[in-house]
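Values below: all heavy atoms of this structure, side chains included; hydrogens, waters and symmetry mates excluded. Worth saying up front: this structure is predicted, and the values here are computed from it rather than measured.
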Amino acid sequence: MTDPVGKLPSELDQLPDRDAEETAEWAASLDAVTEHAGPHRAAYLMRRTLQHAERVGVPVPRLLETDYVNTIPTSAEPAFDGDEAMEARITAWNRWNAAAMVTRGSRFGVGGHIATFASAAWLYETGFNHFFRGKEGDGSGDQLYIQGHASPGIYARAFLDGRLSEQQLDHFRQEAGGNGLPSYPHPRRLPWLWEFPTVSMGLGPLSAIYQARFNRYLHNRSIKDTANSHVWAFLGDGEMDEPESTAALALAAREQLDNLTFVINCNLQRLDGPVRANFRVVQELEAQFRGAGWNVVKTLWGSAWDELFQLDTTGALVRRLREVPDAQFQTYATRDVAYVREHFFGTGPALAQLASVLSDAKIAECFYTSRGGHEARKVYAAYRAAVEHKGAPTVILAQTVKGYTLGKGFESKNANHQMKKLTSDEFKGMRDLLGLPIPDSAFADGLVPYGHPGADSAEVRYLQERRAALGGPAPARRVQAVALPAPEERAFTALEKGSGKQEMATTMAFVRLVKDLMRDKETGRRWVPIVPDEARTFGMESLFPSAGIYSPLGQTYEPVDRDQLMYYKEAKDGQILNEGITEAGAMADFIAASTSYATHGEPMIPFYIFYSMFGWQRTADQMWQLADQLGRGFIVGATAGRTTLTGEGLQHADGHSHLIASTNPASLNYDPAFAYEIAVIVKDGLRRMYGPEAENVFYYLTVYNEPKRQPAMPEGVEEGILRGLYRFKEGVAASAEAPRLQLLASGTAIHWALEAQELLGSDWGVTADVWSATSWGELRRDALEADEALLRGEQRTPYVTQALEGAPGPVLAVSDWMRQVPDQISQWVEQDYSSLGTDGFGLSDTREAARRHFGVDARSIAVAALAQLVKRGEVPASAVKEARERYGF
């Protein structure tokens, strides 16, 4: 309902007013101020009152936006703990070498970015000199998520520090020879330097939040003291448009992750132009983060603006800054002072009066260069405020000029993200601006030179002393090999024995195995079960009371099912990460846990279980991030295949995740059919990922929610299980002349193949051998390696060719996946090869109807097998027609 004047009532209208007269007096005071001093003064007083209420703890709604000024005034800045002039010289060398590296590389057309680091140089340098803890001190050090496009600046600093050579800088983006530097932060390509891949935009901020959360998880579970580890994520304002960038802001605030700081470089530009041409991205981000519960520190203006704000006695300057859109402010930075006087200060008498006392030089300094992100003291104050703030994460919104110090051809230009080089004259101008001792003669060969003050220079000594005091070089990745003991055999033996007459889905078999492994005295506590709000779907509720669901608050309520055996138990030291409905968040959890062996020197064993359709399809970008970060663990696609998940329909029916997974070189992909196969694969996975010679791989297993009797493990099949193929059940020939063929099946499809084996034998006198293809991907990987060996002059036969060598008849492969999945191996099979699969969209129906629809059920397999034998002249041509009629096609 609305009131008589058509306005919606406020929630305050529903609350009793115990002193209506006092309320009226407050309202009258506001009316009086508005009438006599104007609405701007009234708004100012209201904001100051709300800010004061927030500071003293009065429970009122927070302001989502503050004025377009620095959060920390100059008078409140802490003393700068360092030599500002020295740090300016270090920053100048880094700026120069970053630009030189990309420019020199442009000769080979390899690309690179100059403008991003130019804008953010002080954001990094201040952190390296004063805040970022290294790994050679106590604990794990800090975790740094470097903005990908700023990588040349990080390489330049490592060069100044003596960790990189000129030769390496000259091979920026030229890695093939083995001495190059990757384009962006890629741990797999440069594992001693980079810890976190960040250039797939949006994944860096998401991962940083879950890394900070995982640090607390390790601490609360008493696995590693991470109290002194701080996570720093350096981001671009344009990057914040990615949905992953802001997907977990509420989680960070909810769990009070004050061990986390976002530093957003607000240079107001993205790749093609302004981030918010007609709006103000800083104000938008402030509202977004404050609304999510973050502490926000705005570092917008340099010290040159102090005089302007002191002269702004009416508030006209602050109001004008709040109304100018970002694109217009960028224009001010590229136009002359007369333009700024007319278009910025000429909009009102108060501003015109202010401008009349300002020199052209002052206006030029303010509008062309003086930004908070370009001054060490401003950045230092913001960082100090961030690390000292308790109870919430902090975001620093630092305003900069994109392309700063690169000259008028770069600064604030829309195209500067794509500009890859400076001319010699532009470099000389930059040299003069930065005051670097690089003579003109150094340009004699036509190449811009690298600059270095000398290994024993004051700059390098200062840099190294600062880093030594903070715990060593940064960024840096360190791996201290910690092999985990193999768990006791009994957990695996239980599955190897089979299920007898009891039916059990392979999903349940995997969960049962992990539950037993979590009881292991040596390694049990290192398992990290991760599930996106589907634990009950996968039969994991039995883990709730025993392992507990992680919550930094513990359990502050009495659960509704407290009187039940498998009640919902949250605990501060809980082991399960139940993320709610967010596959992206669960994958970020997995990445943090799977790389803990390097980040914290504590190997953890994550397993992440999910509807298979919502894994690789939704979060494959994160799985590439996982591979880049050298993660280890088990990813489990449950309710897999296109026909196993009954009734769910088109979007839930996964027939292609193995195809997507096969594109990732670090992913070992298995589609086990039986519980004992799972046991063998997991046991070997623990050896390969956590043994003395640990490999940087991860496993993708697909499991099914279709209950079946699980057979005992036959003798001698372990190698075939791990390599991808073994003969599970040999057909019994009615006679020596009987036609014969080979049926290869993976996952749940082996049950259709076994039924087809019986039909072919009993109805048509055809003998079929049934093979379990546990991994089409591993068979292909092995075959590709054999092909590569052949190019080196080495003769090696692929395993799949060896396994099927001499097997009579054609080969027919079948799975619950698209035909492209089993077709991966076709070229290395010497027999006639064909396949059946579930190509097309999924549909809602029973399993039986869906399998008949896709032509993969037992009777369809029998018909397809007969068709292959007809081609070979081994059965009459009429057999296919007769079979179709008999089986009701």
Q | Main-chain N/O of L300 paired to K378 side chain as donor or acceptor, under 3.5 Å | A | no
Requested in this report: May I ask you to say whether D241 pairs ionically with R270, meaning some side-chain N is under 4.0 Å from a carboxylate O?
Outcome: yes
Heavy-atom side-chain proximity of V296 to T66 below 4.5 angstrom
no
Please check if the number of heavy atoms outside Q328 that lie under 6.0 Å from its CD is greater than 12. yes
Nearest heavy-atom approach of D237 to V281 is OD2-CG1, 3.9 Å
**Item:** Derivation and outcome, side-chain hydrogen bond (donor to acceptor under 3.5 Å, both in side chains), residues T595 and Q629
**Value:** CA-CA 7 Å; T595 55; Q629 203 166 320; 3.2 Å; yes
Decide whether a cation-pi geometry holds between R632 and Y597; the criteria are a distance under 6.0 Å from NZ or CZ to the six-membered ring centre and an angle within 45° of the ring axis. yes
Separation between CG (L203) and CG (D621), nearest 0.5 Å, reads 4.5 Å
Side chain to side chain donor-acceptor pair (under 3.5 Å) with Q283: of R276, R322, E65, only one passes, and it is E65
Would a line drawn from the ring center of Y404 to the ring center of H374 be shorter than 6.0 Å?
yes
Test side-chain hydrogen bond (donor to acceptor under 3.5 Å, both in side chains) on S207 and Q625 and set out the steps. CA-CA 10 Å; S207 291; Q625 179 189 12; 2.8 Å; yes
For R562, does the CZ atom sit with more than 12 other heavy atoms under 6.0 Å from it, leaving out its own atoms? no
Query raised in the report: Between K135 and E195, does at least one N-O distance fall below 4.0 Å, as a salt bridge requires?
Result: yes
Rounded to the nearest 0.5 angstrom, the CG-CZ distance for D67 and R47 is 4.0 Å
Give the intermediate values and the outcome of salt bridge (Lys or Arg N to Asp or Glu O under 4.0 Å) for residues D81 and R384. CA-CA 11 Å; D81 180 24; R384 181 60 60 195; 5.3 Å; no
Under 4.5 Å between any side-chain heavy atoms of E286 and W294, yes or no?
no
- prompt: So with a 6.0 Å cut-off around CD of E558, is the heavy-atom count from everything else above 12?
  reply: no
query: Can you check whether F329 and W301 have ring centres sitting under 6.0 Å from each other?
result: yes
Is the gap between the ring centers of Y184 and H149 under 6.0 Å? yes
Using 4.0 Å as the upper bound for N to carboxylate O, is an ion pair formed by D589 and R213?
yes
> With a 6.0 Å cut-off on ring centres, are F538 and F607 close enough?
Replying inline: no
When the ring centroid of Y383 is compared with that of Y380, is the distance short of 6.0 Å?
no
Counting only heavy atoms not in D19, do more than 12 sit closer than 6.0 Å to its CG atom? yes
Check: When you check the gap from the basic side-chain N to the acidic O, do E602 and K224 get nearer than 4.0 Å?
Finding: no
Given the rule in the side-chain hydrogen bond (donor to acceptor under 3.5 Å, both in side chains) test, do Y557 and E570 qualify, once you have shown the distances and angles that lead to the verdict? CA-CA 10 Å; Y557 61 93; E570 295 188 79; 2.6 Å; yes
query = Would you say the side chain of W305 lies within less than 4.5 Å of the side chain of S303, judging by non-hydrogen atoms?
reply = no
*Look at the aromatic rings of Y608 and F610 and report parallel, tilted or perpendicular, splitting at 30° and 60°.*
tilted
Using a 6.0 Å cut-off, check whether atom OH of Y567 has over 12 heavy atoms from anything other than its own residue. yes
Distance col, row R466:CZ vs N129:CG, nearest 0.5 angstrom, shows 6.5 Å
Does the gap between the ring centers of Y210 and F590 come in under 6.0 Å? no
*Can you find a pair of side-chain heavy atoms, one from M518 and one from Q575, that are under 4.5 Å apart?*
yes
Can you tell if the side chain of R280 reaches within under 4.5 Å of the side chain of D326, non-hydrogen atoms only? yes
The reported gap from CG in N259 to OG1 in T394 (rounded to nearest 0.5 angstrom) is 10.5 Å
### Query
Does D312 come within less than 4.0 Å of R319, counting only side-chain N to carboxylate O?
no
- If we only count heavy atoms from C-beta on, is the L626 to Q622 side-chain gap below 4.5 Å? no
Exercise. Would you say the side chain of Q399 lies within less than 4.5 Å of the side chain of Y68, judging by non-hydrogen atoms?
Worked result: yes
Margin query: One pair to check against salt bridge (Lys or Arg N to Asp or Glu O under 4.0 Å): E77 and R377. What are the steps and the verdict?
Written below: CA-CA 8 Å; E77 290 171 6; R377 289 180 178 271; 6.0 Å; no
When rounded to the nearest 0.5 Å, the distance separating CG of L123 from CD1 of I264 is 11.5 Å
- prompt: Can you check side-chain hydrogen bond (donor to acceptor under 3.5 Å, both in side chains) on N215 and H230, steps first, answer last?
  reply: CA-CA 9 Å; N215 289 359; H230 199 89; over 6 Å; no
